[in-house]
Amino acid sequence: MPDTMSGESEEERDDDVRAGEYVLHLLDPAERAAFEARLEVEGGLRQRVALWTESFAALAAEVAEVAPPAALRRRLEQAIAAAPRAERPAQPRASRFWGRLAGIAAVAAVVVGVFVALNRETLFGLSPAIYIADMESADSPFVLRAGYHPDEAALVVNRSAGEVPPGRVLELWLIAPGASAPVSLGVLPDEDSVTLTVPEPLRPVLAGATLAISDEPPGGSPTGAPTGSVLAAGPLNSV
């Protein structure tokens, strides 16, 4: 396992354990979404995920590939059940830390025993975000965060709250500084996390621009401008 915890604070050690839980898919959906939102903007956290990924992959590489045993599902369930869960009685901070670390080790041992090759690039792989926009509105339940990753010209939009109205779609808009009208960045799939490629002509105007989400008919706005309610908006700020 990666040696990243010497001399670190309790918060940093918690982040290291959480990174291991993330790699082994031990986080529940809400925890995973929150962790992935942090990965968008925290290079140190991405490094921890990389170290855990490489550590588990190295362990797996030492084991010859075999057909999964019939009892694999039961063994995995038992290992996962052994990891402390949030609903269990509260423990001292140090006990929780070492308990979670032991849970990671238990699951890792089972996973490595049946040969798992982890692909680092599927877990992350984007350059650090340089602009972040937190989009919300007092009149809407929608809460979104978008991060722009310059090396890939990728805009990653994470939705943490809000449901797409029936028979409608979400469309993302860019309002550049001084622009007279918004420009559509596309219709968003009904997913919690979406990655878009920003067109090259728009990349230079991202600094100081505003992102907005509107609800539109299927296929997007028929006019090239928002026609439905603006559900959330926020400025792109430098990280």
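Throughout, residue positions are numbered sequentially from 1 according to the sequence presented. Values reported hereafter were calculated over all heavy atoms of this structure, with side chains retained and with hydrogens, waters and symmetry mates removed.
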* To do: Show your working on side-chain contact (heavy atoms from CB on, under 4.5 Å) between Val205 and Leu174 and close with a plain yes or no.
  => CA-CA 9 Å; Val205 301; Leu174 174 73; 4.2 Å; yes
* To do: Tell me, with the steps shown, if Glu21 and Phe35 meet side-chain contact (heavy atoms from CB on, under 4.5 Å).
  => CA-CA 10 Å; Glu21 292 174 327; Phe35 189 86; over 6 Å; no
* Structure fact -> All heavy atoms of Ser238 vs all of Tyr131, minimum pair found to be OG-CE2, 3.6 Å
* Whether Glu152 side chain and Ser127 backbone form a donor-acceptor pair below 3.5 Å -> yes
* Structure fact -> Of all heavy-atom pairs linking Glu216 and Ala225, the shortest is OE2-O, 4.5 Å
* Ala232 to Leu144 - nearest heavy-atom pair and separation -> CB-CD1, 3.8 Å
* Spatial distance of atom CD (Gln47) from atom CG (Asp16) [nearest 0.5 Å] -> 10.0 Å
* Asked: Cluster question for you: counting only ILVMFWY and a side-chain heavy-atom cut-off of under 4.5 Å, with indirect links fine, are Ile130 and Leu206 together?
  -> yes
* To do: Taking the side chain as every heavy atom from C-beta outward, state whether Glu171 and Pro226 have any atom pair closer than 4.5 Å.
  => no
* Within a strict 4.5 Å, meaning less than it, do heavy atoms of the Pro141 and Glu163 side chains meet? -> no
* Asked: Got a donor-acceptor contact below 3.5 angstrom from the Asp215 side chain to the Ser229 backbone?
  -> yes
* Rounded distance (nearest 0.5 Å) linking atom CG of Leu188 with atom OG1 of Thr195 -> 10.5 Å
* To do: Please report the shortest heavy-atom distance between Ala212 and Val230, naming the atom on each side.
  => CB-CG1, 4.4 Å
* Give a yes or no on whether Val157 and Val183 share a hydrophobic cluster (residues Ile, Leu, Val, Met, Phe, Trp, Tyr; joining criterion: side-chain heavy atoms under 4.5 Å apart). => yes
* Can you tell me how far the CG atom of Asp192 sits from the CD atom of Glu36, to the nearest 0.5 Å? -> 9.5 Å
* To do: State which residue, out of Val169, Val187, Thr227, fulfils the side chain to side chain contact (heavy atoms under 4.5 Å, CB included) condition with Ser221.
  => Thr227
* Under a 4.5 Å cut-off applied to non-hydrogen side-chain atoms, are Leu185 and Pro199 in contact? -> yes
* **Check: Glu31 side chain, Asp28 main-chain N or O, donor-acceptor pair, under 3.5 Å** => yes
* Taking Ser184 for its side chain and Gly186 for its backbone only, find out whether a donor-acceptor pair lies under 3.5 Å. => yes
* Of the non-hydrogen atoms in Pro218 and Gly167, which two are nearest, and what is the gap between them? -> CD-O, 3.4 Å
* For Leu155 and Leu211, what are the C-alpha separation, side-chain angles and deciding distance, and is it a side-chain contact (heavy atoms from CB on, under 4.5 Å)? -> CA-CA 11 Å; Leu155 187 68; Leu211 295 179; 4.1 Å; yes
* Is it true that Arg159 and Asp190 have a side-chain N and a carboxylate O under 4.0 angstrom from each other? -> yes
* Establish whether Leu202 and Leu196 are linked, either directly or via other cluster members, by ILVMFWY side-chain heavy-atom contacts under 4.5 Å. => yes
* Asked: Who else is in Trp173's hydrophobic cluster (ILVMFWY, side-chain heavy atoms under 4.5 Å, direct or via others)?
  -> none
* To do: Please determine if Arg32 forms a cation-pi arrangement with Tyr22, meaning its NZ or CZ atom is less than 6.0 Å from the six-membered ring centre and no more than 45° off the ring axis.
  => yes
* **Donor-acceptor contact below 3.5 Å, side chain Trp52 vs main chain Arg18** => no
* **Within-4.5 Å side-chain heavy-atom neighbours: Val194 and Val156** => no
* Examine distances only and state if a side-chain atom of Arg145 and a backbone atom of Asp134 form a donor-acceptor pair shorter than 3.5 Å. => no
* To do: Identify the heavy atoms of Leu172 and Met135 that sit nearest to each other, and give their distance.
  => CD1-SD, 4.3 Å
* So, Thr210 side chain and Pro235 main chain: donor-acceptor pair closer than 3.5 Å or not? -> no
* Step-by-step side-chain contact (heavy atoms from CB on, under 4.5 Å) determination, Glu40 to Leu45 -> CA-CA 9 Å; Glu40 294 290 338; Leu45 203 59; over 6 Å; no
